[in-house]
Enquirer: 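One structure follows; several queries about it will come next.
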2 protein chains.
Amino acid sequence: MLKLISKIYLIMKNISQEDYISVIYKHRDTEGLIRSTTIADRMSISNAAVTDMLRKLSRDGLIYYTKYKGISLTGEGEEFAVNLVRRHRLLEMFLYKIVNMPWEKVHEEAERLEHGASEELINRLEEMLEFPDYDPHGDPIPSKTGKIPQARSALRLDYMESGKTAVVVRVNDYDHEFMTYISSVGIIMDTELTVKNHLKFDNSIVLSIHGKELNISHKIASNIFVQEKEGEA
Amino acid sequence: MLKLISKIYLIMKNISQEDYISVIYKHRDTEGLIRSTTIADRMSISNAAVTDMLRKLSRDGLIYYTKYKGISLTGEGEEFAVNLVRRHRLLEMFLYKIVNMPWEKVHEEAERLEHGASEELINRLEEMLEFPDYDPHGDPIPSKTGKIPQARSALRLDYMESGKTAVVVRVNDYDHEFMTYISSVGIIMDTELTVKNHLKFDNSIVLSIHGKELNISHKIASNIFVQEKEGEA
DNA sequence: ATATTAATTTAAGCATACTTAAATTTAATG
DNA sequence: CATTAAATTTAAGTATGCTTAAATTAATAT
């Protein structure tokens, strides 16, 4: 029989484990590998702490780990990670659609809530939300069975040609200020916009949204993803 | 400048602190005092751990603590505790009314969520719920300013006379099975019921609910609180 | 091939809350 | 008043994840 320890140690362990697996899943390369230094950077902890924890995650069967080699998720780890993503994004959706929090705040709020939310709560929220496929920033939400909707094929806004019209289908959600700004100028999910002009001197872009013109930087435009509307010139 | 430690230590500290203050607030006597052994029992931890933590809570200004004396909350501790109660009960209300979770599950789910939920989220939920004064079990919900609605004056169900009609205004929410059972027989908040008979041989009570008769034990009846309806015999 | 640099691991120790066992203090009892 | 019991504190150590500094390994430059 397992030795019972105080619940605070279990909470601590679970939170850390979830954070590590989330970071590995999000920041691994196209071959599914990540370096320990990347994990340390993303989590703002020491390299040594990462080495320690990788040994434990390996022992728990969630990752493949050999010294000095890249780290990758096992099948079980993959499933665990996909479930964490699902929980996070459903919580974000709930906070955005039902609670009406500004979308630049939902990411951090969901980060805190996801550790305590039960599977039952997540499933009930999914039902309330009518089984959404994408979160407020356009990222796909895995289903209960782990099936991931396809990321909608999208074009970076800065790659759009002048004169074309498109709708916003995804934005990068890592920067608070970025998201606050773009929503303040009317750029949110499903917003329709037309590129009026590309300005060469600073690579900024002139857009028309609901008949109103505005100028956004190249940096901002490169973090917004759109789908062009068909049959328009 | 404060030494920065990893966020996991802060999370751990906050969770513990909140748990201690909640227990002190809930289980203190009518004079506002609690013994350390009571805290240890309620939290399933050792007496020594409690002594350690009490010193810290006192250092942080949340409690009055002298060795071998009873423990009590400071003004700041009281405010902190009332806010914890508010958050817990609004979360319970949200889970019950909006998410439609069974009321025997909302207590534990709220226990887990309350540590991560921000003040902003709690305030938004309160607004969505239209500023409720009582939680699903009938306990009062403090307002944002700390004002506590009066507990509705209520009678224990087992004290009701035969022939009288009443509505359920509060139930004790500490026992999972109890709450599952009474809701399965149709006894929830605001349920109207009539006491038909008190049986002497086992002190049980015969009730009529929606025209259906049922028998409940004295133990169950003593954990249900009602308000008699006026003008009926 | 060698030297240097960067990445990672190891070893020792720390942050927070807890446990166990022994000691101290208080309360209850005869 | 003495004794016993119960409550609480103290001291030493543990559970979990982390930090710092030194050592090891791998990658890179010459």
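Basis for what follows: all heavy atoms, side chains included, without hydrogens, waters or symmetry-related copies. Because the structure is a prediction, the values reported are computed rather than measured. Reminder, nothing fancy here: chain letters follow the sequence lines and each chain counts from 1.
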Enquirer: Expressed as a whole number of angstroms, how long is the span from B:L57:CG to C:dT16:P?
Expert: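 That distance rounds to 14 Å.
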Enquirer: Would you say the rings of B:H107 and B:H176 are close, in the sense that their centroids are separated by under 6.0 Å?
Expert: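 Distance test on ring centres: not under 6.0 Å, no.
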Enquirer: Under a 3.5 Å cutoff, is there a donor and acceptor pairing between the side chains of B:Q150 and B:D133?
Expert: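 No, B:D133 and B:Q150 have no side-chain donor paired with an acceptor closer than 3.5 Å.
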Enquirer: In whole Å, what is the span from the CG atom of B:D41 to the P atom of D:dA6?
Expert: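 The answer, rounded to whole Å, is 14 Å.
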Enquirer: Has A:K219 got more than 12 heavy atoms of other residues, nucleotides or ligands less than 6.0 Å from its NZ?
Expert: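 No, NZ of A:K219 has 12 or fewer neighbouring heavy atoms, counting only those of other groups under 6.0 Å.
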Enquirer: Grab the OH-C1' distance between B:Y20 and C:dA17 for me, whole Å please.
Expert: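 For the pair B:Y20 OH and C:dA17 C1', the rounded distance is 7 Å.
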Enquirer: Output one letter per nucleotide in nucleotides 7-16 of chain D: B when a protein non-hydrogen atom lies under 4.0 Å from the base, S when only the sugar-phosphate is that close, - when neither is.
Expert: SBBBB---BB
Enquirer: Sort out for me which residue in B:E126, B:E114, B:E119 forms a side chain to side chain donor-acceptor pair (under 3.5 Å) with B:R87.
Expert: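 It is B:E119; the other options fail the test.
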Enquirer: Side chains of A:N47 and A:S36 only: does a donor on one sit below 3.5 Å from an acceptor on the other?
Expert: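 No donor-acceptor contact under 3.5 Å links the two side chains.
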Enquirer: Do we see a donor-acceptor contact under 3.5 Å between the side chains of B:N123 and B:R86?
Expert: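 On atom types as modelled, these side chains qualify, holding a pair under 3.5 Å.
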Enquirer: Drop me the distance from A:K7's NZ to B:I15's CD1, to the nearest 0.5 angstrom.
Expert: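 Those atoms lie 8.0 Å apart.
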Enquirer: Do B:F225 and B:Y134 make the cut of ring centroids closer than 6.0 angstrom?
Expert: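 No, they do not, as the ring centres are separated by 6.0 Å or more.
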Enquirer: Under 4.0 Å: is that the gap between some side-chain N or O of A:S6 and OP1 or OP2 of C:dC18?
Expert: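 The answer is no; no side-chain N or O of A:S6 sits under 4.0 Å from OP1 or OP2.
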Enquirer: Rounded to the nearest 0.5 Å, how far does CE of A:M43 lie from CG of A:D19?
Expert: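 These two atoms lie 5.0 Å from each other.
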Enquirer: Hey, can you pull the residues of residues 108-116 of chain A with a non-hydrogen atom under 4.0 angstrom from DNA chain D?
Expert: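 Those residues whose heavy atoms fall under 4.0 Å from DNA chain D, taken from residues 108-116 of chain A, amount to none.
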Enquirer: Provide the closest heavy-atom pair for B:I45 versus A:S6 in the form atom of the first, atom of the second, distance.
Expert: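 For B:I45 versus A:S6, the nearest heavy atoms are CG2-OG, 4.2 Å.
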Enquirer: Please report the end-to-end axis angle for the helix from C:dA1-D:dT30 to C:dG30-D:dC1, five pairs per end, rounded to 10 degrees.
Expert: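 Axis angle across the helix from C:dA1-D:dT30 to C:dG30-D:dC1, nearest 10°: 10°.
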Enquirer: What is the distance from CD1 of A:I11 to P of C:dT16, rounded to the nearest Å?
Expert: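 Spelled out: CD1 on A:I11 to P on C:dT16 is 17 Å.
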Enquirer: Just verifying a value: how many Å separate A:R124 CZ and B:I98 CD1, rounded to the nearest 0.5 Å?
Expert: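 If we round to the nearest 0.5 Å, A:R124:CZ and B:I98:CD1 are 13.5 Å apart.
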Enquirer: For A:I45 and C:dA15, give me the distance from atom CD1 to atom P, rounded to whole Å.
Expert: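 The distance from CD1 of A:I45 to P of C:dA15 comes to 17 Å, rounded to the nearest Å.
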Enquirer: Tell me: CD1 of A:I39 to P of D:dC18, nearest whole Å?
Expert: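 To the nearest whole Å, that distance equals 11 Å.
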